[in-house]
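Report on the following structure.
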Number of protein chains: 2
Amino acid sequence: MNQQFRELCKDKNISPSITRESVYDYLDGNETHPTVDEIYKELKPKLPTLSKTTVYNILKLFTKEDIILEINTREHKKRYELNNEDHAHFTCDMCGQIYDLPKVEVNYNLGGFNGFHIKHEEVNLRGVCKDCRDK
Amino acid sequence: MNQQFRELCKDKNISPSITRESVYDYLDGNETHPTVDEIYKELKPKLPTLSKTTVYNILKLFTKEDIILEINTREHKKRYELNNEDHAHFTCDMCGQIYDLPKVEVNYNLGGFNGFHIKHEEVNLRGVCKDCRDK
DNA sequence: CCTTATATTGTAACTGTTACAATTTTATAA
DNA sequence: TTATAAAATTGTAACAGTTACAATATAAGG
């Protein structure tokens, strides 16, 4: 029983079902940025009645509540992570691995942003990671 | 006949077919960030034998050659634009419209980027656009 | 415990994308 | 130009990710 999750749900005014808690727990401390399918396959043994639709529903809810973030990459599927500290993503063009990198500071000094109310900034970097470069 | 495109193809060592030129021309000066389907539907009347697979092929080629950029949004489809001047994207949470905003400067002063060879940086902003805020 | 609301499930449909073999077109050189 | 090879385009079918939806199960509140 994850007390932190219970309180988070109270904050967000959603009910802390066991399924939701399982999805949350799986994402917590996970750095793999899993897909829906990966989350489903991981949880299925522990929750035998789990449906993939439920995973979709929960992820949509968590996204709406800003509990998690969708990661949009070049793959045509979404990946997910907990919305904890702000950071950038680096995707390796060679191996496809997604790395978490420190938050990058973004400057808006040039103007042209008037009237846009920016709620979220996402920095996606691409290139070659250390492992692949050394090969 | 787009001479600029011919030269671009010579640079990239690809052949400047009429279909490819049409896709290029459609994207040139277009600020709508169209999807594959939109590109296909737009060009079909002028190129009656056009196949959607061809559009996919051309976009994949252009992406590989850095002629165009894929835009990865929350939608589960890709959007495309010419790879001209570097700029940021702003997607409105209300209306879904994607705006081009000036390039934002990114600082990597915090460290933690050692070993990563960054070839491309993408800044995606999200929030509420002027039009939607005024409603 | 009853009633209502909410969460979960399974199925089927839908959409974006890719694989692939066949055909057409283009490029090249005799 | 014509023959030949290479490359581009096409249509079909398959595939993968996602969504819609009605039915069922579970939880919450009186």
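Predicted model only: the values in this text are computed from it and were never measured. Chain letters run A, B, ... following the sequence lines, proteins first and then strands; every chain starts at 1.
- When rounded to the nearest whole Å, the span between NZ of B:K64 and P of D:dA8 equals 10 Å.
- With rounding to whole Å, B:H76 atom NE2 is found 5 Å from C:dG16 atom C1'.
- Computed from coordinates, the A:K77 NZ to D:dT19 P distance equals 15 Å when rounded to whole Å.
- The CG-C1' distance, from A:L61 to C:dT6, rounds to 11 Å in whole Å.
- When rounded to the nearest whole Å, the span between CG of A:L59 and C1' of C:dT8 equals 14 Å.
- In this structure a side-chain-to-backbone donor-acceptor pair under 3.5 Å is present from A:R20 to A:S15.
- One finds no salt bridge joining A:K12 and A:E65 here, because no Lys/Arg side-chain nitrogen approaches an Asp/Glu carboxylate oxygen to under 4.0 Å.
- Between A:Y56 and D:dT19 there is no side-chain N or O to OP1 or OP2 distance below 4.0 Å.
- Using a 4.5 Å heavy-atom cutoff, the side chains of A:T32 and A:E81 are not in contact.
- Between A:R74 and A:R126, some side-chain heavy-atom pair lies under the 4.5 Å cut-off.
- Using a 4.0 Å cut-off between charged side-chain N and carboxylate O, A:R79 and A:E38 make a salt bridge.
- Taking the charged nitrogens against the carboxylate oxygens, A:K52 and A:D37 do have a contact shorter than 4.0 Å, which makes a salt bridge.
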Sequence neighbours left out, cut at 3.5 Å: what donor-acceptor pairs do the side chains of residues 94-102 of chain A make with other protein atoms?
unit_1: A:D100; atom_1: OD1; unit_2: A:H33; atom_2: NE2; d: 2.8
unit_1: A:D100; atom_1: OD1; unit_2: A:H87; atom_2: NE2; d: 3.1
unit_1: A:D100; atom_1: OD1; unit_2: A:H89; atom_2: NE2; d: 3.3

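- Contact check of residues 7-26 of chain B against DNA chain C (heavy atom, cut-off under 4.0 Å) returns no residues at all.
- Residue A:K60 contributes atom NZ, which lies 15 Å from atom C1' of C:dA7 at whole-angstrom precision.
- Nucleotide C:dA27 holds its C1' atom 14 Å from the CZ atom of B:R6, rounded to whole Å.
- In the region residues 35-51 of chain A, proximity to DNA chain C at under 4.0 angstrom, judged on heavy atoms, holds for A:T49, A:L50, A:S51.
- To the nearest angstrom, P of C:dT17 lies 10 Å from CZ of B:R79.
- Considering only the side chain of B:T53, C:dA19 comes nearest among C:dA19, C:dT9, C:dT17.
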